[in-house]
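To keep things clear, I will list the structure first and then write my remarks on it.
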Amino acid sequence: MKKDLIHFILPIIFIIYKILLHPFKNTLAIPSKLTLFILFLIYAVTYWFLNFNLIGKNIWFNKNKVRIINKHTKLINKAALFLFFISTINILRALISLYLQIFNKDSFGDMNFIWIPAVVWSILFINILISPELLYGYNLFVDLIKKENIEQLEIVNVWTIKSKKEINNTHSIKLKKRIDSNIIKYIAEIEKRASNIESFKDSKYSISELAQDLRIPNSHLNYIFKYHCKISFSDYKKNNRIRHSIELIQSDYLRTSTLESLAKEVGFASYNTFFCSFKDVTGLSPKEYVVQLKA
């Protein structure tokens, strides 16, 4: 995107200084090495935080998105972590090297600790050889999927058997004693009911109605979703509707119907809400998912 060209401005300025202006440092009013070091430090740290925020928001700390993922997405998640680690190491190496060059008059200059990025990039190269889909992308991965005959997406487990949330009220402590010993049974019953998509088609279907259908106290169900589910009840409903839509797409529903009718079939009032929910859950738009499935 054109707006991303803004990120090239500072690197180009550094290149112009290094190649074009540095030879004339004795005749031009060029910033001192300390000033340049401070500018580079600000630049490096700023982009480190921007990268951390971007990857963290979309991958590491994302609790509402990417509930339905495939092996390729898992691979990308691990690669993102590894590349971020490499970037961090390289930034530290560059900063330490520049510091030694400026303040200790180190004769080696930019060659300080050059073995560190050499090692980490070698590890990355080996990683790409082991997983070539990192380099060649989704098309190669689709070919691998077809060979392995594993075209089904994996549903990420949203349940946790042992809750790590702190219970800070007496009522919940009492419920914990009653529920925790049978938590697996309760979760199994909820999942079984969720497989009956008719209930979850109704956007107004409440947790109270689910409790009534399962014939368990409403307080029990509220406790389970609060302490043993990683997402809210409304997100759980949305995930199940999207899961059902994916099952229909994989069973060639779109051969005779449109995405708009698919949205209504799984319980969405409009295609726009279906589009947003589908992308929120899978990370892809419905059309993008269909294209990738056919690739």
Review point. What pairs of residues pass the salt bridge (Lys or Arg N to Asp or Glu O under 4.0 Å) test when at least one of them lies in residues 259-268, not counting sequence neighbours?
Key: Lys201-Glu265
Check your understanding: Tell me the salt bridge (Lys or Arg N to Asp or Glu O under 4.0 Å) pairs involving residues 175-188, sequence neighbours left out?
Key -> Lys176-Asp180
Check your understanding: Who passes side-chain contact (heavy atoms from CB on, under 4.5 Å) against Ile249, sequence neighbours left out?
Key -> Leu254, Leu262, Phe278, Tyr289, Val290, Leu293
Point to revise | Residues forming a side-chain contact (heavy atoms from CB on, under 4.5 Å) with Leu5, sequence neighbours excluded | key: Phe8
**Study point:** Heavy-atom donor-acceptor pair, His228 side chain to Ile161 backbone, under 3.5 Å
**Key:** yes
Check your understanding: Which residues satisfy the side-chain contact (heavy atoms from CB on, under 4.5 Å) test with Ser87, sequence neighbours excluded?
Key -> none
Practice item. State which residues pass ring pair (Phe, Tyr, Trp, His ring centres under 6.0 Å) with Tyr227; sequence neighbours excluded, sorted by chain then number. Key: Tyr223
Practice item. First locate atom CD1 of Ile242, then atom CD of Glu247, and finally report the distance between them rounded to the nearest 0.5 Å. Key: 11.5 Å
Exercise for review: Output the rest of the hydrophobic cluster of Leu54: all Ile, Leu, Val, Met, Phe, Trp and Tyr residues reachable through side-chain heavy-atom contacts under 4.5 Å, sorted by chain and number.
Suggested key: none
Study note, to complete from the structure: Taken in chain and number order and not counting sequence neighbours, the residues that satisfy side-chain hydrogen bond (donor to acceptor under 3.5 Å, both in side chains) with Tyr43 are none
Practice item. Share the residues that join Leu129 in a hydrophobic cluster, the rule being Ile, Leu, Val, Met, Phe, Trp or Tyr side chains under 4.5 Å apart at the heavy-atom level. Key: Phe125
**Study point:** Contacts of type ring pair (Phe, Tyr, Trp, His ring centres under 6.0 Å), residue His171, not counting sequence neighbours
**Key:** none
Practice item. With sequence neighbours left out, write down each residue that passes ring pair (Phe, Tyr, Trp, His ring centres under 6.0 Å) with Tyr205, or none if nothing qualifies. Key: Phe200
Exercise for review: Answer whether the closest heavy-atom distance between the side chains of Ser261 and Tyr253 falls below 4.5 Å.
Suggested key: yes
Practice item. Would you check if the side chain of Asp235 reaches a backbone N or O of Ile231 as a donor-acceptor pair within less than 3.5 Å? Key: no
Check your understanding: If you count the non-hydrogen atoms of other residues, nucleotides and ligands that lie under 6.0 Å from CG in Leu92, is the total more than 12?
Key -> yes
Practice item. Identify, with sequence neighbours excluded, every residue that meets ring pair (Phe, Tyr, Trp, His ring centres under 6.0 Å) alongside Trp48. Key: Phe52, Phe84
Check your understanding: For Asn169 and Ser172, does a side-chain donor sit closer than 3.5 Å to a side-chain acceptor?
Key -> yes
Review point. Centres of the Tyr186 and Trp159 rings: under 6.0 Å?
Key: no
